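Mind looking over this structure? Questions follow.
In this text, all values refer to a predicted model and were calculated from it rather than measured experimentally. Order of the sequence lines sets the chain letters (A, B, ...), proteins ahead of strands, with each chain counted from 1.
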Amino acid sequence: MIKSLKVLNHNLANADNQLAVLQNELNGQPFFSNKIATFGYTGLQATGIEVFQVNVGKMCNQVCKHCHVDAGPDRKEMMTLETMQLCLVAIQNPTIKTVDLTGGAPELNPNFRWFVQEIKKLGKHVIVRCNLTIILANKKFNDLPEFFKLYEVEVVSSLPSFTPDRTNSQRGDGVFEDSITALKMLNAVGYGVQNSGLILNLVYNPAGAFLPPSQSALQAEYKTELFKNYGISFNNLFSITNMPISRYLDYLLVSGNYLKYMDKLIAAFNPSAIDNVMCRNTISISWDGFLYDCDFNQMLDLKVNPTASQHLSEFNIQLLNTRNIVLKQHCYGCTAGAGSSCGGAVAG
Amino acid sequence: MANHYYNSEDLGKFGNIGEYQKPLADKFFDYYGEVFKTSALTEKEKSLIALAVAHALQCPYCIDAYSADAYEKGYSKQQMMEAVHVAAAIKGGAVLVHGVQMMNKVNEIAM
């Protein structure tokens, strides 16, 4: 199995080195902040916090080649019960409607189920970014579909293709086959089934150095192919652009695609995506309780603007609601083409 | 004068043909854009047709563009190669069917 960049002591395991590539390898490309300034934006400001996204740990049973978290079985960072309790205090704020749990494989955190139960007691909508194969990874995870159903969790799962070749080339041998089995288990308890109220959304992201095609066309094709070939149904497909961060950045550099990919992102810059980028209504929490504008900034260790609170222990929603977003070159990933977010495309 | 008749960077300069004759270039690019929109055929299907035609024409710019486009739109490597074989079969067939013309001529003059 592939090791994480961190365990390999790879140059790009260090966030500063990733930022150095993004800021120095420009080849005449404009800085993101300058680009949006030409459309009248002097920086970008948050509009409030509706989504509270929590990375409960970097451990994962998979080692995907494009992972911006550099997650894997060898990552030991895990959110503690004490930090989860700080999250529970923060999310009591009524403007926060959704708690989005991610990782790594969030289910690997030993307090995951307790955390979901406590969040639901506060009346919040819960999203779990489930990699599907975790359901089959160990007997103790086989009942996850029932658990999700019991707490009406929205399940969001990556499946980069409805064919095995692309899925396995990105996510590892056998991942497609296990994902199909897991999707059938989710369907069996009602997930993705019409009128069940149990939401199963899939995520497409390109298996290579290119941008996603049309989300609506892809969704229609996924629905047809997955149902025809496997009898699987789901609700929505989110197409997500790969960010030039961590393992995907390494892939771009090693394959000689980095500058071409950045050129693609910049050539596809869509000003109508700016207002809807997810960092404006989201706060991202790291396993150790620090606050970031998004999951990508978290992996680049770009904490929220220091004038806002930077850790859960000093969480101040008033300051965070109007904070200035920290912008770097990777932000082009969220404004390319139809735009991109954890909920898929953001612009027409 | 460039060192090669074909330069990959020139693909990105395709739009520059309008510098010498804008009205015709505009008409062409409008038409081109319209042709590739989803209508009776999807954008994806049109991309695979374009890939096969690009090979039949042996246009390196078009092969570059539509190899990327077809793969990005989700075609597998196997599907894309089959499309190239379709182009090859038509090209090969186009040569061979002229063999009938050759036979006609030979039959006309042979004793």
May I ask you to check whether over 12 heavy atoms, not counting those of B:Tyr6, lie within 6.0 Å of atom OH? no
For B:Phe28, I'd like to know if atom CZ has over 12 heavy atoms of other residues, nucleotides or ligands within 6.0 Å. yes
Closest heavy-atom pair and its distance - B:Gly74, A:Arg166: C-NH2, 3.6 Å
Check this for me: A:Asp173, atom CG, are more than 12 non-hydrogen atoms of other residues, nucleotides or ligands nearer than 6.0 Å? no
For B:Ile17, is the CD1 atom crowded, meaning more than 12 foreign heavy atoms sit under 6.0 Å from it? yes
Heavy-atom distances under 4.5 Å only: say whether A:Ala217 touches chain B with side chain, backbone, both or neither. neither
Any side-chain heavy atom of B:Ser76 within less than 4.5 Å of one from A:Asp165? yes
Identify the heavy atoms of B:Lys73 and A:Glu221 that sit nearest to each other, and give their distance. O-OE1, 4.4 Å
